K.L.:
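First the structure, then my questions, so here it is.
The residues of the chain are indexed from 1 along the displayed sequence. The structure displayed is predicted, hence computed values, not measured ones.
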Amino acid sequence: MTSCPGPPSYGGGTVSLSQTSMKPSSIAFRRDPHGAGLTWAELAAGAILLAGAAVAGLVFVRRPWPNRLDAWGYRVLPANPEASWAHAFVGLGSVSALLGGVLVVFLIGVLRDWVRAVACATAPVLAVLIVQDIAKPLVDRHSALSGGLSYPSGTVAAVAALATAFTLVMPARARLPAAMLGLVAIVGTSAAVVVLRWHYPTDALGGAAVGVGSVLVLDALMRGARILIRLLPRRAGGGVNAPATMGGDPIGTLAPGVGRSASHRALEGVGGYAQVHHHGHSGER
């Protein structure tokens with residue numbers, strides 16, 4: 001009774017068929033089956049928010065006056081420039097609160113995921129810069145009360161970006177409470193800028209979209225880049241062009257007989273014998 005030969009062995013190391021046929025991408029997927037998918041979903045959500053804010057800005061370029069949603073918001077939230085709660089909420093979007101918030105975000109997240117910590121600490125500042133230096137001058141919509149540029153709201157963008165960043169860097173168990181508190185901060189700040197008549201309601205919505213979208217997009221891009229970097233070495237090492245090894249040593253890197261298996265040394269002996277008989281006695285050439 002003959003037995004089926006087992007998998008080939010080089011230098012005592014058995015190479016199984018499952019190891020040779022398994023793709024690195026499948027290994028990575030099995031290790032983190034939802035990481036890449038969640039990253040793509042996060043990127044898509046952030047891109048949709050930013051695109052929505054951009055489309056609204058294009059509309060306001062041609063029609064900067066208050067629309068029906070703005071009129072409804074003004075009726076629901078009547079003007080009260082002295083409201084203390086409103087001033088407390090808008091303080092969350094001040095420059096000092098922004099800089100202090102991004103520092104706390106970085107310190108919370110750096111020990112758990114330094115890539116996410118960098119992204120979430122950088123994105124709120126980028127969101128405010130986008131609003132102040134790009135979006136507002138391009139849209140050129142003015143507040144009815146102050147006459148300043150109003151779309152989108154930089155105050156709401158800062159609070160929304162910080163709230164999103166805090167939620168992402170928190171441990172998994174704490175993300176839901178952090179998200180609820182962040183939502184309260186975003187809604188409260190949006191209502192505050194309307195009550196104070198700093199912005200139209202649509203300005204506040206645009207600021208929230210830019211703030212949340214900026215954090216989601218930057219975090220997804222940086223985490224996606226890390227996933228690709230982790231996959232590249234595995235594909236290069238496990239591909240067809242990888243150097244063949246016997247006994248853990250690339251062929252041709254060591255002297256004959258060093259770190260080689262007995263079968264490999266036997267093959268070298270057969271090759272040497274054939275070479276001598278082909279050219280004659282050793283030394284005649």
Side-chain angles (χ1 to χ4, degrees), residues 49-50 52-53 56-57 60 64-67 69-106 108 120-169 177-216:
L49 289 173
L50 292 178
F60 296 145
W65 50 85
N67 52 38
L69 181 58
D70 295 325
W72 176 82
Y74 273 9
R75 289 196 302 269
V76 174
L77 298 170
N80 186 2
E82 304 299 328
S84 58
W85 68 267
H87 286 282
F89 269 108
V90 296
L92 298 176
S94 63
V95 175
S96 58
L98 175 65
L99 297 179
V102 297
L103 178 60
V104 174
V105 165
F106 180 78
I108 292 175
C120 291
T122 306
V125 178
L126 291 178
V128 174
L129 292 177
I130 290 172
V131 168
Q132 297 298 125
D133 298 335
I134 299 177
K136 283 187 175 181
L138 288 177
V139 176
D140 197 28
R141 191 188 199 192
H142 297 270
S143 170
L145 182 62
S146 64
L149 297 176
S150 65
Y151 182 88
S153 170
T155 303
V156 177
V159 173
L162 284 176
T164 307
F166 271 112
T167 301
L168 292 179
V169 299
M180 298 302 295
L181 290 176
L183 182 61
V184 171
I186 295 172
V187 173
T189 306
S190 299
V193 296
V194 174
V195 167
L196 297 175
R197 292 301 188 260
W198 291 6
H199 293 281
Y200 298 117
T202 47
D203 298 335
L205 292 176
V210 172
V212 177
S214 298
V215 177
L216 294 180

K.L.:
Taking all heavy atoms of Val102 and all of Leu99, pick out the closest pair and write down the distance.
P.N.:
CG2-O, 3.1 Å
K.L.:
Should Leu181 and Phe166 be marked as a side-chain contact (heavy atoms from CB on, under 4.5 Å) after you check the CA-CA gap, both sets of side-chain angles, and the distance that decides it?
P.N.:
CA-CA 10 Å; Leu181 290 176; Phe166 271 112; over 6 Å; no
K.L.:
Using atom types as modelled and distance alone, determine if a side-chain donor or acceptor of Thr189 lies under 3.5 Å from a backbone N or O of Ile186.
P.N.:
no
K.L.:
Counting only heavy atoms not in Trp85, do more than 12 sit closer than 6.0 Å to its CH2 atom?
P.N.:
yes
K.L.:
Nearest 0.5 Å, please: how far is OG in Ser84 from CZ in Phe89?
P.N.:
11.0 Å
K.L.:
Walk me through it: do Ser214 and Leu126 pass the test side-chain contact (heavy atoms from CB on, under 4.5 Å)?
P.N.:
CA-CA 8 Å; Ser214 298; Leu126 291 178; 5.8 Å; no
K.L.:
Which atoms form the tightest heavy-atom contact between Leu162 and Ala97, and what is the distance?
P.N.:
CD1-O, 3.9 Å
K.L.:
Side chains of Leu98 and Pro124, heavy atoms from C-beta outward: is any pair under 4.5 Å?
P.N.:
yes
K.L.:
What's the shortest heavy-atom distance between Ala158 and Val128, and which atoms?
P.N.:
CB-CG2, 3.7 Å
K.L.:
Return all side-chain donor-acceptor pairs below 3.5 angstrom for residues 191-206, not counting sequence neighbours, or 'none' if the list is empty.
P.N.:
residue : atom : partner : partner atom : Å
Arg197  : NH1  : Leu77   : O            : 2.9
Arg197  : NH1  : Val194  : O            : 2.5
Arg197  : NH2  : Tyr74   : O            : 3.4
Arg197  : NH2  : Leu77   : O            : 3.2
His199  : ND1  : Ser150  : O            : 2.9
His199  : NE2  : Ser153  : OG           : 3.4
Tyr200  : OH   : Ala144  : N            : 3.4
Thr202  : OG1  : Asp70   : OD1          : 2.7
Thr202  : OG1  : Asp70   : OD2          : 3.1
Thr202  : OG1  : Arg141  : NH1          : 2.8
Asp203  : OD1  : Arg141  : NH1          : 2.9
Asp203  : OD2  : Ser150  : OG           : 3.1
Asp203  : OD2  : Tyr200  : N            : 2.9

K.L.:
Please report the closest heavy-atom contact between Leu69 and Asn67, naming both atoms and the distance.
P.N.:
N-OD1, 3.1 Å
K.L.:
Among all residues two or more places apart in sequence or in another chain, which pass the side-chain contact (heavy atoms from CB on, under 4.5 Å) test with Ala135?
P.N.:
Pro152
K.L.:
Do you know the tightest heavy-atom contact between Ala161 and Ala127?
P.N.:
CB-CB, 4.4 Å
K.L.:
Identify the two heavy atoms, one from Leu50 and one from Ala209, that lie closest to each other, and give their separation to 0.1 Å.
P.N.:
CD2-O, 4.2 Å
K.L.:
Within this structure, what is the NZ-CD1 distance for the pair Lys136 and Ile130, rounded to the nearest 0.5 Å?
P.N.:
13.5 Å
